[in-house]
A.B. asks: 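For reference, the structure I am asking about is given below.
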Amino acid sequence: MRIQVLTIFPELFERFLTTSLVGRAVESGRLEIGVRDLRDWSGDRHRTVDDTPYGGGGGMVMTAPPWIRAVRELAAGAEPWRVLLSPQGRRLDDAKVRELAARGDLLLLCGRYEGIDERVRLTVVDEEISIGDYVLSGGELPAMVLIEAVSREVPGVVQLPESVARDSFRSGLLDHPHYTRPPEVEGLKVPEVLTSGDHAAIDRWRLRAALAATLAKRPDLLDEARLGPAERRELERLRAGKGSPGVAGSAGSRDN
Ligand code: 9D3
């Protein structure tokens with residue numbers, strides 16, 4: 001998998017690209033990432049990449065020529081899928097992450113300021129993607145979100161294949177709760193079944209807990225979840241109010 005990034009803040013990516021899962025993926029050669037400074041394609045000695053908006057109004061707009069020159073140069077030879085991170089984009093989800101990973105070669109465009117001259121999108125962008133409906137200061141954090149999510153789809157990057165298959169949004173359910181030592185925290189004990197050694201019972205508890213958590217916190221996910229007959233039956237039991245205690249519901253004592 002190759003991912004190129006165009007940004008005026010390349011230094012924002014440094015620690016990210018050498019740390020944890022993404023760092024290991026780069027180190028192992030499964031992921032090749034190149035971060036380039038858009039200002040290298042500016043036309044003047046001040047390395048300017050912005051200008052005042054036609055039509056007036058506040059703020060600055062990123063000027064088209066540096067983007068177009070940069071994308072043409074970075075896309076030469078190969079044909080990377082060119083993604084503009086933008087609040088106007090379609091919201092990133094698990095299906096889109098897998099689709100992008102399958103493309104194998106991405107060029108990510110990160111904007112700053114009030115926006116980018118529309119002619120960039122019209123000439124050198126294949127797809128616009130947002131990571132959600134909240135205002136950030138630019139496309140760099142969204143690009144890192146996308147890179148981390150896509151990296152997890154590259155074969156060999158995630159250590160245990162089982163944990164990918166089991167990840168929430170695979171089954172379409174939220175994860176079940178997790179516990180580790182110590183056995184008691186703030187008066188709260190570990191559910192007994194988890195220390196019973198009965199792995200079939202543990203699997204049943206985890207499925208029930210995942211269903212209960214999804215029902216309580218993200219009921220919208222249940223419409224799309226891939227559930228077998230046993231799971232549907234258990235879900236109906238939970239809906240009828242026959243939930244196991246301590247598997248879902250409100251968090252902590254401050255919220256809800
Ligand atoms: C406050 C300025 N806004 C006026 C309506 C427009 C605006 C311009 C530029 C809002 C955000 C940005 C910078 N954001 C991104 O480039 C961005 C982004 C985001 O802000 N939220 C979620 N996903 C993304 S992807 C790129």
Side-chain angles (χ1 to χ4, degrees), residues 1-17 19-22 31 33-42 47-72 74-75 80-154 168-169 218 220-221:
M1 177 94 210
R2 179 174 76 144
I3 305 178
Q4 300 180 94
V5 180
L6 257 175
T7 170
I8 60 168
F9 293 122
E11 66 276 13
L12 279 177
F13 290 84
E14 284 170 15
R15 280 297 181 95
F16 171 69
L17 295 179
T19 303
S20 193
L21 173 134
V22 171
L31 186 61
I33 303 195
V35 180
R36 303 294 302 269
D37 190 340
L38 176 71
R39 293 189 191 279
D40 292 349
W41 286 270
S42 157
R47 295 166 59 81
T48 311
V49 292
D50 62 336
D51 206 339
T52 53
Y54 279 122
M60 298 296 273
V61 173
M62 297 191 98
T63 185
W67 284 110
I68 295 172
R69 284 194 289 268
V71 171
R72 295 251 158 89
L74 295 176
W81 187 250
R82 299 162 301 184
V83 175
L84 174 62
L85 285 310
S86 145
Q88 284 77 47
R90 213 191 87 172
R91 174 105 54 92
L92 186 66
D93 63 13
D94 185 56
K96 178 59 70 179
V97 167
R98 275 180 272 176
E99 196 184 304
L100 293 172
R103 292 199 179 271
D105 191 7
L106 302 176
L107 173 52
L108 307 182
L109 286 64
C110 306
R112 283 268 156 174
Y113 308 112
E114 295 312 299
I116 305 182
D117 188 306
E118 179 69 359
R119 292 163 295 185
V120 173
R121 188 181 68 81
L122 294 171
T123 55
V124 296
V125 169
D126 295 309
E127 181 172 22
E128 267 183 298
I129 292 179
S130 160
I131 63 162
D133 296 340
Y134 37 83
V135 179
L136 301 170
S137 301
E140 286 79 9
L141 286 169
M144 287 186 242
V145 166
L146 193 156
I147 289 168
E148 186 162 296
V150 165
S151 300
R152 299 180 61 84
E153 298 299 323
V154 176
S168 76
F169 298 109
R218 291 292 307 277
D220 57 297
L221 294 178

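Start at 1 and go down the list; that is how both ligands and their atoms are numbered. Below, all heavy atoms of this structure are taken into account, side chains as well, without hydrogens, waters or symmetry copies.
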A.B. asks: Could you pull out all residues at least two apart from Pro53 that satisfy side chain to side chain contact (heavy atoms under 4.5 Å, CB included)?
C.D. replies: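 Once residues adjacent in sequence are excluded, the partners of Pro53 under the side chain to side chain contact (heavy atoms under 4.5 Å, CB included) criterion are Val61.
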A.B. asks: Are any of the side-chain heavy atoms of Phe9 and Ser137 separated by less than 4.5 Å?
C.D. replies: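 Not in contact.
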A.B. asks: Only one of Lys96, Arg121, Arg103 forms a side-chain hydrogen bond (donor to acceptor under 3.5 Å, both in side chains) with Glu127, so which one is it?
C.D. replies: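 Exactly one candidate clears the test, Lys96.
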A.B. asks: Show the protein residues that qualify under the rule heavy atom under 4.0 Å from an atom of ligand 1, listing them in chain and number order.
C.D. replies: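 Shell around ligand 1 (4.0 Å, heavy atoms): Leu85, Ser86, Pro87, Tyr113, Glu114, Ile129, Ser130, Ile131, Gly132, Tyr134, Val135, Leu136, Ser137, Gly138, Gly139, Pro142.
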A.B. asks: Within the 4.5 Å heavy-atom criterion, are Trp41 and Leu6 side-chain neighbours or not?
C.D. replies: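 Contact flag for Trp41/Leu6 side chains = yes.
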A.B. asks: Kindly write out the residues that satisfy side chain to side chain contact (heavy atoms under 4.5 Å, CB included) with Arg47, not counting sequence neighbours, or none if the list is empty.
C.D. replies: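 Only Asp37, Arg39, Asp40, Ser42 meet the side chain to side chain contact (heavy atoms under 4.5 Å, CB included) criterion with Arg47.
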A.B. asks: Can you sort out the partners of Thr48 under side chain to side chain contact (heavy atoms under 4.5 Å, CB included), two or more places apart, ordered by chain and number?
C.D. replies: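 Side chain to side chain contact (heavy atoms under 4.5 Å, CB included) check on Thr48 returns Asp44, His46, Asp50.
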